[in-house]
Asker: 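What follows is a structure written as structure tokens; I'll ask about it next.
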Amino acid sequence: MANIEKKTPSAEQLRQKLQAEAADMGIKGRMTGAMRIASIFDEGTFVEIGKYVKSAANEFSNTSSEFEGAITGYGAIDGRLVFAFVQDFSRMKGAVGEMHAKKIAALYDMAIKNSAPVIGVFDSAGAYVLEGVAALSGYGKIMNCVSKANGIIPQIAVVAGICSGSMATIASMFDFTLACENNGEFYINPPFIMNKKENGKKFGSIKSAADCGLIDYVCADEAEAYAKAKMLLGYLPQNCADGTVYTMSADEINRLTPEISSVIASAGYDMKSVIASVSDSGIFCERADMYAPEILTGFITLNSMVVGVVANAPAVNGGKITANAAKKAAKHIAFCDNFDIPVLTLVDTEGYDVSVESEMAPYSDALAELAYGYSVSDNAKVTVVLGNAYGAAFTLMGSKSLGADIAYAVDNAKISVMPVDSAVAFVKGGKVTDEERAEWEATMASPVEAARNGDIDDIISCDELRVRVAAAFEMLSDKN
């Protein structure tokens with residue numbers, strides 16, 4: 001009998017084969033489920049669960065020869081245990097049915113018991129219609145699992161293809177949502193029902209979803225999305241019990257920040273420059289940068305400790321607090337509180353937004369959500385007033401009265417019940433002179449007044465901003 005030589009295909013040959021199979025199925029540009037798993041996990045660590053689960057044939061369709069369009073399992077990402085479900089468009093077009101949902105529910109049960117994060121990759125043509133109500137029940141089971149995991153383990157959604165209807169709802173229930181601009185689609189109702197465009201707005205695109213605050217990170221393609229997901233995971237703890245992450249940093253903890261003075265001296269300055277000066281190695285992992293740009297949210301490391309950031313952006317409408325800005329900040333504060341990540345708030349705002357758009361929005365409800373977020377959170381909170389803090393905006397932006405542990409102000413900050421010109425005009429009447437304005441700024445709007453009332457703990461120089469904030473968080477590191 002002739003010897004048959006067995007040859008193991010190389011990784012590149014396997015990749016080409018998978019890409020060819022995907023192209024044959026009409027899904028060119030998408031990764032197959034196997035390729036997605038390989039992109040997410042450390043090589044050789046993924047273990048699939050429920051591998052042979054599939055739907056039974058019924059009188060309308062014989063699908064018993066196809067496995068479910070979801071791959072579920074666990075593995076390591078940078079050595080950490082992570083669970084994942086990946087919808088695979090090459091299997092039944094990723095259609096969601098009873099068994100599809102059962103696989104994801106089993107994964108969540110295991111993830112919660114082992115207190116490890118979940119990454120979900122969304123790419124589905126929708127419900128498996130021939131299963132009827134059972135498919136709808138499947139959606140409910142997935143929603144239930146995601147809800148139970150909320151605040152217990154971090155959840156990251158990656159929209160790699162079609163994410164519509166109930167799956168879009170499920171992706172929005174995750175802590176973070178990333179999306180691929182090249183193939184991703186995100187909507188509740190199909191774009192053709194909405195005539196694709198209305199008032200110049202295109203429905204269903206990733207960019208439109210990001211503009212609405214539904215997408216935290218827009219990525220060019222899947223490769224970038226999985227790299228971003230793994231990077232983001234590095235800022236997150238395994239679960240709610242572990243507390244914030246500590247990393248290794250070569251940055252000098254006692255490094256002074258004299259450059260901040262010149263930055264904030266300019267009207268409408270870039271707050272990201274201040275954040276970069278404070279953070280280790282100048283790195284700021286911003287979140288939802290396309291939504292409500294008048295406020296910034298994200299993560300930094302400070303003295304090797306992961307810290308959440310909420311900061312006004314004076315370069316955008318004076319950093320005024322809009323309804324969307326309040327919602328964006330409140331969402332980030334709530335996540336940080338759930339996982340005991342400390343929050344640094346940098347304040348420079350002219351106050352509330354005075355516009356018809358804001359008043360037509362649920363403005364007071366959004367502001368209440370922000371106030372509630374600061375008040376009920378038990379994580380460590382440090383606030384620094386860098387510039388203007390006028391009116392109720394001073395209270396809302398992480399003030400001591402709302403629960404901040406430490407509140408600082410730089411020496412040239414202006415804290416006042418209303419903008420200086422308005423305050424002087426209200427008290428003095430008539431035209432405001434330069435002398436009257438200067439007198440009000442030096443007295444009533446001085447941070448010294450707020451410090452005397454106990455609303456500011458200390459007045460610091462910009463040079464020592466990084467050092468003082470890092471020391472405060474170090475002191476609060478054992479806050480219970």
Asker: Pick from Thr322, Asn312, Thr349: which one makes a side chain to side chain donor-acceptor pair (under 3.5 Å) with Glu294?
Answerer: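 Exactly one candidate clears the test, Thr322.
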Asker: Around Tyr74, counting heavy atoms of other residues, nucleotides and ligands shown, do more than 12 lie under 6.0 Å from its OH?
Answerer: no
Asker: With the side chain counted from C-beta on, respond yes when Ser137 and Glu98 share a heavy-atom pair under 4.5 Å apart, and no when they do not.
Answerer: no
Asker: Looking only at heavy atoms, which two atoms of Tyr291 and Lys328 are closest? And how far apart?
Answerer: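 Where Tyr291 meets Lys328 most closely, the heavy atoms are O-NZ, 2.7 Å.
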Asker: Can any side-chain N or O of Tyr217 pair as donor or acceptor with the backbone N or O of Glu286 at less than 3.5 Å?
Answerer: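 Pair found, side chain donor or acceptor close to backbone of Glu286.
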Asker: Atom NZ of residue position Lys400 - does it have more than 12 heavy atoms of other residues, nucleotides or ligands inside 6.0 Å?
Answerer: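 Yes, the 6.0 Å shell around NZ holds more than 12 heavy atoms from other groups.
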Asker: Where do Pro342 and Met305 come nearest, in terms of heavy atoms and distance?
Answerer: CG-SD, 3.7 Å
Asker: Does atom NZ (Lys148) have a neighbourhood of more than 12 heavy atoms from anything else shown, all under 6.0 Å?
Answerer: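 No, because the 6.0 Å sphere around NZ of Lys148 holds 12 heavy atoms or fewer from other groups.
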Asker: Could you check whether the rings of Tyr235 and Phe299 sit parallel, tilted or perpendicular, using 30° and 60° as the cut-offs?
Answerer: parallel
Asker: Are more than 12 heavy atoms from other residues, nucleotides or ligands located less than 6.0 Å from atom OH of Tyr246?
Answerer: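 Yes, OH of Tyr246 has more than 12 neighbouring heavy atoms, counting only those of other groups under 6.0 Å.
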Asker: Does Ser477 use its side chain to pair, donor to acceptor, with the backbone of Glu474 at less than 3.5 Å?
Answerer: yes
Asker: Would you indicate whether the side-chain heavy atoms of Thr244 and Asp340 approach each other to under 4.5 Å?
Answerer: no
Asker: For residues Ile295 and Val310, determine if any side-chain heavy atom of one lies less than 4.5 Å from a side-chain heavy atom of the other.
Answerer: yes
Asker: Report the distance from atom CD1 of Ile264 to atom CG of Leu465, rounding to the nearest 0.5 Å.
Answerer: 8.5 Å
Asker: Look at the side chain of Gln87 and the backbone N and O of Val96, then say whether any donor-acceptor pair between them is shorter than 3.5 Å.
Answerer: no
Asker: Which residues satisfy the side chain to side chain contact (heavy atoms under 4.5 Å, CB included) test with Arg255, sequence neighbours excluded?
Answerer: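 In terms of side chain to side chain contact (heavy atoms under 4.5 Å, CB included), with neighbours along the sequence ignored, Arg255 is linked to Asp251, Glu252, Thr257, Glu259, Arg466.
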Asker: Using every non-hydrogen atom in the two residues, find where Ile321 and Ala393 come nearest and quote the distance to one decimal.
Answerer: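 Scanning both residues completely, I find the closest heavy atoms to be CD1-CB, 3.8 Å.
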Asker: Walk me through whether His332 and Val343 qualify under side chain to side chain contact (heavy atoms under 4.5 Å, CB included).
Answerer: CA-CA 9 Å; His332 192 58; Val343 170; 5.9 Å; no
Asker: Looking at every heavy atom in both Val245 and Pro237, which two are closest together, and how far apart are they?
Answerer: CG2-N, 3.5 Å
Asker: With no hydrogens and no angle check, just 3.5 Å: does a side-chain donor-acceptor pair link Tyr374 and Thr345?
Answerer: yes
Asker: Is the side chain of Asn239 donor-acceptor paired with the backbone N or O of Asp242 at a distance under 3.5 Å, no angle test?
Answerer: yes
Asker: For Asn379 and Ile341, indicate whether the former's side chain and the latter's backbone hold a donor-acceptor pair under 3.5 Å.
Answerer: yes
Asker: Report the C-alpha distance between Ser172 and Phe186 in whole Å, list the side-chain angles of each, state the deciding distance to 0.1 Å, and finish with yes or no for side chain to side chain contact (heavy atoms under 4.5 Å, CB included).
Answerer: CA-CA 10 Å; Ser172 297; Phe186 195 89; 3.6 Å; yes
Asker: Would you say Ser208's side chain and Ser205's backbone share a donor-acceptor pair under 3.5 angstrom?
Answerer: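 Yes, Ser208 side chain to Ser205 backbone: donor-acceptor pair under 3.5 Å.
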Asker: Report yes if the side chains of Cys180 and Asp221 come closer than 4.5 Å at any heavy-atom pair, otherwise no.
Answerer: no
Asker: Could you go through Gln155 and Tyr108, starting from their C-alpha distance and side-chain angles, then the distance that decides it, and tell me whether this counts as side chain to side chain donor-acceptor pair (under 3.5 Å)?
Answerer: CA-CA 11 Å; Gln155 301 177 81; Tyr108 262 96; 2.7 Å; yes
Asker: Considering all heavy atoms of both residues, which atom of Lys103 and which atom of Ala70 are nearest to each other, and what is their separation?
Answerer: NZ-O, 2.6 Å
Asker: Has the side chain of Asn388 got a donor or acceptor atom that lies under 3.5 Å from a matching backbone atom of Asp348?
Answerer: no
Asker: Would you tell me whether Asp280 and Thr301 have side-chain atoms, one donor and one acceptor, within less than 3.5 Å of each other?
Answerer: yes
Asker: Among Asp270, Ile283, Leu296, find the one that has a side chain to side chain contact (heavy atoms under 4.5 Å, CB included) with Ile275.
Answerer: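 Among the candidates, only Leu296 passes.
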Asker: Taking the side chain from Asp42 and the backbone from Gly79, do they hold a donor-acceptor pair closer than 3.5 Å?
Answerer: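 The answer is yes, because a donor-acceptor pair under 3.5 Å joins these two groups.
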Asker: Please assess Phe394 against Val347 for the test side chain to side chain contact (heavy atoms under 4.5 Å, CB included), listing each intermediate value before the final yes or no.
Answerer: CA-CA 8 Å; Phe394 167 72; Val347 184; 5.8 Å; no
Asker: What do you reckon, is NZ of Lys320 surrounded by more than 12 foreign heavy atoms closer than 6.0 Å?
Answerer: yes
Asker: Measuring from Glu369:CD to Lys327:NZ, what's the distance to the nearest 0.5 Å?
Answerer: 7.0 Å
Asker: Before you tell me yes or no, could you show the steps for Leu302 and Phe473 under side chain to side chain contact (heavy atoms under 4.5 Å, CB included), namely the whole-Å CA-CA distance, both residues' side-chain angles and the distance that decides it to 0.1 Å?
Answerer: CA-CA 9 Å; Leu302 181 58; Phe473 279 126; 4.0 Å; yes
Asker: When you measure from the side chain of Ser266 to the backbone of Tyr269, do you find a donor-acceptor pair of N or O atoms at a distance under 3.5 Å?
Answerer: no
Asker: Minimum heavy-atom separation for Ile153 to Ala116, with atom names?
Answerer: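 That would be CD1-O, 3.3 Å.
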Asker: Has the side chain of Asn183 got a donor or acceptor atom that lies under 3.5 Å from a matching backbone atom of Ala160?
Answerer: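 Checking the backbone N and O of Ala160 against the side chain of Asn183, no donor-acceptor pair under 3.5 Å is found.
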